[in-house]
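We use all heavy atoms of the structure for the numbers below, so side chains are in, but hydrogens, waters and symmetry mates are not. Chain naming here is simple, since letters A, B, ... match the order of the sequence lines and numbering starts at 1 in each.
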Amino acid sequence: MPPPPPPSPTAAAPTTPAPPSKPPLCPRQIAALVLNHPSSTLTAASARSLSASLLAAAPAHSLPIPAPVANAVLKLLWHHAPRALLFFHALLRLPPGTRELSPCTADLALDLAARLRHPRQLTSSVLALFPRHGLAFTPRTFPILFERFAVSQRRPDLAVRLFLSLHRSHGVAQDLPLFNSLLDALVKSRHAGKAASLVRALERRFPPDAVTYNTLADGWCRVKDTSRALDILRQMVESGIAPTKATYNIILKGFFRSGQLQHAWDFFLQMKNRCITDENCKPDVVSYTTVLHGLGVSGQLDKARKVFDEMTKEGCVPSTATYNALIQVICKKGNVEDAVSVFDDMIEKGYVPNVVTYTVLIRGLCHARKIDRAMKLLERMKSQGCEPNVQTYNVLIRYSFEEGEIEKSLGLFERMSKGMECLPNQDTYNIIISAMFVRKRAEDMAVAARMVVDMVDRGYLPRRFMFNRVLNGLMLTGNQELSRELLRMQEKYARLRREIRL
DNA sequence: ATAGGGTTAG
């Protein structure tokens with residue numbers, strides 16, 4: 001066989017593209033390439049050098065990088081926000097035609113930038129990329145920012161200010177759905193009062209709809225003020241806006257959340273009685289799941305199981321979430337083996353357990369000190385094609401430590417990021433760092449210090465308490481080298497925050 | 001198309 005002629009860049013006929021001899025770069029490969037890139041510092045220079053590496057890897061594979069691949073890479077790097085953003089900026093620097101840029105990709109990058117609590121200018125610089133690259137804002141763009149400002153950065157005022165300046169600063173029309181998303185961000189950050197007064201102040205411009213009222217009711221429920229939530233229900237009826245199923249379910253959940261079990265049960269009974277005249281308050285699968293979960297958490301397992309049987313009789317089909325709730329409460333208040341039989345039951349009935357189902361049961365097994373079986377379940381979920389997430393791993397890591405299996409949990413930590421399954425998050429680091437204090441060994445202190453350096457590299461700010469604890473540990477064990485490194489890192493980090501420019 | 005149920009700490 002003669003060797004095929006070398007491909008000529010000009011001769012390739014566009015109508016008959018040669019089939020690629022190499023598979024395209026897959027998200028995992030790209031993510032690994034980004035992770036191994038020497039610099040994680042977010043600057044224009046490092047973004048250029050990363051895009052050069054991406055191009056260099058390309059001949060062995062095929063370009064371009066389609067938008068779904070770019071999105072998948074950002075999600076794989078979700079818990080390593082600085083690297084994810086570095087990838088995004090490298091993507092922008094790739095020559096046109098070698099990458100696809102979709103507004104959704106930009107939304108993901110924006111979410112990541114806004115999640116890093118400090119550099120506000122980073123968020124605005126990512127926001128500025130939309131017009132610069134001809135990308136339209138999506139319906140999610142500003143809701144993402146409202147939530148990140150209010151919830152992650154604890155700055156509800158910034159969210160409100162952004163909303164009020166939308167038209168002036170970004171040429172975006174302020175409509176009711178956008179207003180409702182702002183309210184949602186406020187109530188999720190426990191600012192129900194702010195949300196309520198905003199609705200009052202702007203009620204002429206934004207006449208409340210059912211979503212507005214439901215969001216406010218949820219806001220009061222989240223701060224355990226169920227009587228104000230009921231007020232909202234009354235206001236709805238007075239202003240002629242029919243309560244929806246969500247309205248009732250929000251209040252039902254609110255009663256359980258605030259520990260008013262009797263009120264919750266009475267409200268549930270009322271829903272069942274009144275539904276003859278008002279179809280909207282007929283309990284649905286969400287209502288049943290809420291009640292089942294609420295009863296179970298308060299220790300009334302038998303009553304919870306009765307509710308489960310009752311819903312089936314009423315013709316309301318349990319969802320995977322219903323099973324997850326049942327399995328969780330049995331694990332918490334009952335016997336894990338019963339939870340395992342519910343799990344077997346659901347599979348027999350044809351349900352596909354999801355990552356929540358597995359995580360809940362793994363936690364239950366760990367709690368009953370059956371870690372080996374929990375580990376087997378981890379393998380089983382993977383073989384079933386259900387990807388464990390960082391919470392799944394965190395449970396196993398935490399309980400392995402509690403059982404004194406320190407090496408085993410460090411092994412799990414290595415394993416999770418090696419296979420690019422999921423990257424550790426802030427909880428993971430906190431679990432490991434606190435565990436490094438139990439043996440009172442100098443080596444463990446050194447590991448803790450490296451973990452602190454790592455987490456800062458990934459865009460997580462350790463609590464000052466944690467930072468000082470590690471620093472004290474290093475000094476007590478006479479590790480001056482690492483304590484100096486930690487202090488240098490702290491300085492460097494403060495400088496980085498000021499310097500990020502793209 | 002924005003709102004409601006299931007993973008968080010004894």
- Query: Near DNA chain B, which residues from residues 341-359 of chain A have a heavy atom under 4.0 Å away?
  - Reply: N354(A), V356(A), T359(A)
- Task: Check step by step if side-chain hydrogen bond (donor to acceptor under 3.5 Å, both in side chains) holds for D284(A) and S287(A).
- Result: CA-CA 5 Å; D284(A) 64 359; S287(A) 330; 2.8 Å; yes
- Ring-ring centroid check F179(A) F146(A), cutoff 6.0 Å: no
- Does N472(A) have any side chain to side chain contact (heavy atoms under 4.5 Å, CB included) partners at least two apart in sequence or in another chain, and if so, which? none
- Item | d(CD, Q391(A); C1', dT7(B)) in whole Å | 6 Å
- Task: Answer with yes or no whether T290(A) presents, from its side chain, a donor or acceptor under 3.5 Å of a partner atom in the base of dG5(B).
- Result: no
- Query: How close or far is atom C1' of dG6(B) from atom NZ of K253(A), stated in whole angstroms?
  - Reply: 9 Å
- Item | Touch class at under 4.0 angstrom, heavy-atom based, for T322(A) against every strand present | base
- Query: Between F255(A) and H263(A), what is the ring plane arrangement, given parallel below 30°, perpendicular above 60°, and tilted in between?
  - Reply: parallel
- Item | E403(A): partners by salt bridge (Lys or Arg N to Asp or Glu O under 4.0 Å), with sequence neighbours left out | R369(A)
- Interatomic distance where CE belongs to M311(A) and C1' belongs to dG6(B) [whole Å]: 12 Å
- For atom CD1 of I362(A) and atom P of dT7(B), their distance in whole Å: 15 Å
Got a list of protein N/O to nucleotides 1-3 of chain B N/O distances below 3.5 Å?
unit_1: dA3(B); atom_1: N3; unit_2: N214(A); atom_2: ND2; d: 2.7

- Name all pairs fulfilling the ring-ring contact (aromatic ring centres under 6.0 Å, His included) condition that reach into residues 360-386 of chain A, sequence neighbours left out, sorted by first residue then second. none
- Distance in angstrom units between N425(A) CG and dT7(B) P, rounded: 17 Å
- Item | Sugar-phosphate, base or nothing in reach of N394(A), heavy atoms under 4.0 Å | nothing
- Nearest-neighbour nucleotide for the N389(A) side chain, dT7(B), dG6(B), dG4(B) considered: dT7(B)
- Query: N425(A) and T428(A): side-chain hydrogen bond (donor to acceptor under 3.5 Å, both in side chains), yes or no, with the steps?
  - Reply: CA-CA 5 Å; N425(A) 66 6; T428(A) 322; 2.9 Å; yes
- Item | Interatomic distance where NZ belongs to K333(A) and C1' belongs to dG10(B) [whole Å] | 11 Å
- Message: Are there over 12 heavy-atom neighbours, none belonging to E348(A), within less than 6.0 Å of that residue's CD?
- Response: no
- Note on the structure: D175(A) meets the salt bridge (Lys or Arg N to Asp or Glu O under 4.0 Å) criterion, sequence neighbours left out, with none
- Ignoring hydrogens and angles, answer whether the base of dG4(B) and the side-chain atoms of D284(A) contain a donor-acceptor pair closer than 3.5 Å. yes
- For atom CZ of R398(A) and atom P of dA9(B), their distance in whole Å: 6 Å
- Task: Could you check how far OH of Y393(A) sits from C1' of dT7(B), rounded to whole Å?
- Result: 16 Å
- Message: Side-chain N or O of H367(A) versus OP1/OP2 of dT7(B): is the shortest distance under 4.0 Å?
- Response: no
